[in-house]
Amino acid sequence: MLDLKLLRENPDAVRAGAMKKRLPDRAAAVDRALQIDGELRLLNPKLDVLRNEQKNASRDIGKLAPAEREAVLGKQKERKAELAGLEEREKQLRADLDQQLSLIPNVPDADVPEGKDDTENVEVRRVGTVRTFEFKPRAHFEIGEAQGWLDFERASKMAGSRNYFLFGDLALLHDAVLRYAVELLVGRGFTAVDPPLMVRDPAMFGTGFFPGGEEQTYRAEKDGLNLIGTSEVPVTSLHSGEMLAEGDLPKKYVARSACFRREAGTYGKDTRGLYRVHQFHKVEQVIVDVADKARSIEHHHAIVKNAEDMLTAFELPYRVVAVCGGDLGVPQAMKYDIETWMPSRNAYSETHSASRFYDYQARRLDIRYRPKDGGKPLVCHTLNNTVVASPRILIPLLENHQQADGTVRIPPALQPYLGGRAVIGKPLG
RNA sequence: GGAGAGGUGGCAGAGUGGCUGAAUGUACCGGUUUCGAAAACCGGCGUGGGGCAACCCACCGAGGGUUCGAAUCCCUCCCUCUCCGCCA
């Protein structure tokens, strides 16, 4: 949610922002919101006056003589009826305003490239060398199935498509990358979190996934709960409704959790292998800090670096892209994706997504802090980034580190989590 | 699942129908004192909206209702705690 003041003062920038995100219907919400706001601002003074009269009269009524009392009582009833009408109108307008405000996207920052979709994202840097194979490389699912590490058939039979079983050393590698990621971030001052996987609607709204993301979300209707698609939802919502002390900021969390996504509308896309699945595990970094744009940008670069350092430790080639307006989500002000090289796709593919929001999520979630100087409370800034998502990260790990005989080399950083082994798998015939 | 208690300002905690937007404590800000600090003392201090201002309006978990008037009474929901039952 944007500050209503920003909307009044600079509606053009907000409208232009929605257009940069290629969301014309959301841009239209700007004008609807302003129109409702205008009506409300006309109505409010009338209500204030009426309430004031009513309040004063009812306060004096106890002191009145019985004869005068009757007259005042009559007058009060009239006012009551009039107030009821206006208050009904006010309630309606407020609800409408909230609805329109919730539709208005965060304004993309100046450093967000212009563009319609992910094909127009702009590469910022490329790190590591793409390997040239002296043998015919296998896709991760070929290695996995041949090694007995992967079973899609039985998984989809019992759970539907886009589900998987991991076995043996691949299941252990999956756990290894998650553990490595948590420990890396804990070493950098983040607090480890194991959050709820099912949340109520306000957390989904607050983080900006609703309205809009309902179709991507599994829902336990009976209990009114939503399965999280990312721990960004429960962790960013952690301090919802709270008044933090500036001295307690920044809050830096690293959460490990399962994530669930319906992947509606992706039929026929990325159907083979572990790339697009309904359920995965992710280690996510979340920061809540003071309302300072420069500081948010610093954090943003720091959380991208955390992920890059992990990829470097995993010896994987990757690139960082600045996500263009058309590919940017509703709540984000700016986003970097990290794409890791996947030989079977012959492409860099998304493995990480680092967003900064400024106060957009925090305003929806009502996360504020009291400044050190004792001034008025301010709305916090929030950010988040993937540290690692698995099994997706297993794709580049298996494919980039495979050897001619079908075994897979384990980078030194991960060996301690696999009993010190430098290689997993047996030679394939 | 059954029975009961409760949700009030940053925090703690009074307040059961009429100048109560809310005592008190604590935290915080300013000052006095001090070489400096602590303590003590004095003053200020909820959030949001409107107004140049005096000041006005809303908000006591959320939403309805009763009443001239609701933090206070009634209903629904959410949450927390205690006891019993069940259970990974």
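Naming convention: chains lettered A, B, ... in sequence-line order (proteins, then strands); numbering from 1 in each chain.
Using a 4.5 Å cut-off on side-chain heavy atoms (C-beta onward), A/I424 and A/L172 make no contact.
For the pair A/R370 CZ and B/C28 P, the interatomic distance rounds to 12 Å; values are reported in whole Å. The separation between A/L97 atom CG and B/G48 atom C1' is 14 Å, rounded to whole Å. Whole-Å rounding puts the A/Q76 CD to B/A70 P distance at 11 Å.
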Candidate pair A/F152 and A/F165, rule ring pair (Phe, Tyr, Trp, His ring centres under 6.0 Å), full reasoning
CA-CA 6 Å; A/F152 292 106; A/F165 273 97; over 10 Å; no
Starting from the C-alpha separation in whole Å, work towards a yes-or-no answer on salt bridge (Lys or Arg N to Asp or Glu O under 4.0 Å) for A/E90 and A/R94.
CA-CA 6 Å; A/E90 185 201 22; A/R94 277 201 194 289; 3.4 Å; yes
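Considering only side-chain N and O atoms, A/K75 lies nowhere under 4.0 angstrom from the phosphate OP1 or OP2 of B/C68. Listed pair A/K372 / B/C29 fails the phosphate criterion, with no side-chain N or O lying under 4.0 Å from OP1 or OP2.
Heavy atoms from other residues, nucleotides or ligands lying under 6.0 Å from CZ of A/R8 number more than 12.
Among all heavy-atom pairs drawn from A/P412 and A/E315, the shortest one is CD-OE2, 3.4 Å.
Taking for each of A/P45 and A/K91 the nucleotide of RNA chain B with the nearest heavy atom, the 5'-most of the two is the partner of A/P45.
Within residues 33-44 of chain A, the residues that place at least one heavy atom under 4.0 Å from RNA chain B are, in residue-number order, A/R41. A heavy-atom distance below 4.0 Å to RNA chain B is reached by these residues of residues 47-56 of chain A, ordered by number: A/D48, A/R51, A/N52, A/Q54, A/K55.
Residues meeting the ring pair (Phe, Tyr, Trp, His ring centres under 6.0 Å) test with A/F205, sequence neighbours left out: A/F210.
A donor-acceptor pair is defined here as one N or O able to donate and one able to accept, closer than 3.5 Å; such a pair exists between the side chain of A/H300 and the backbone of A/A354.
The P atoms of B/G31 and B/A70 are separated by 43 Å, rounded to the nearest whole Å.
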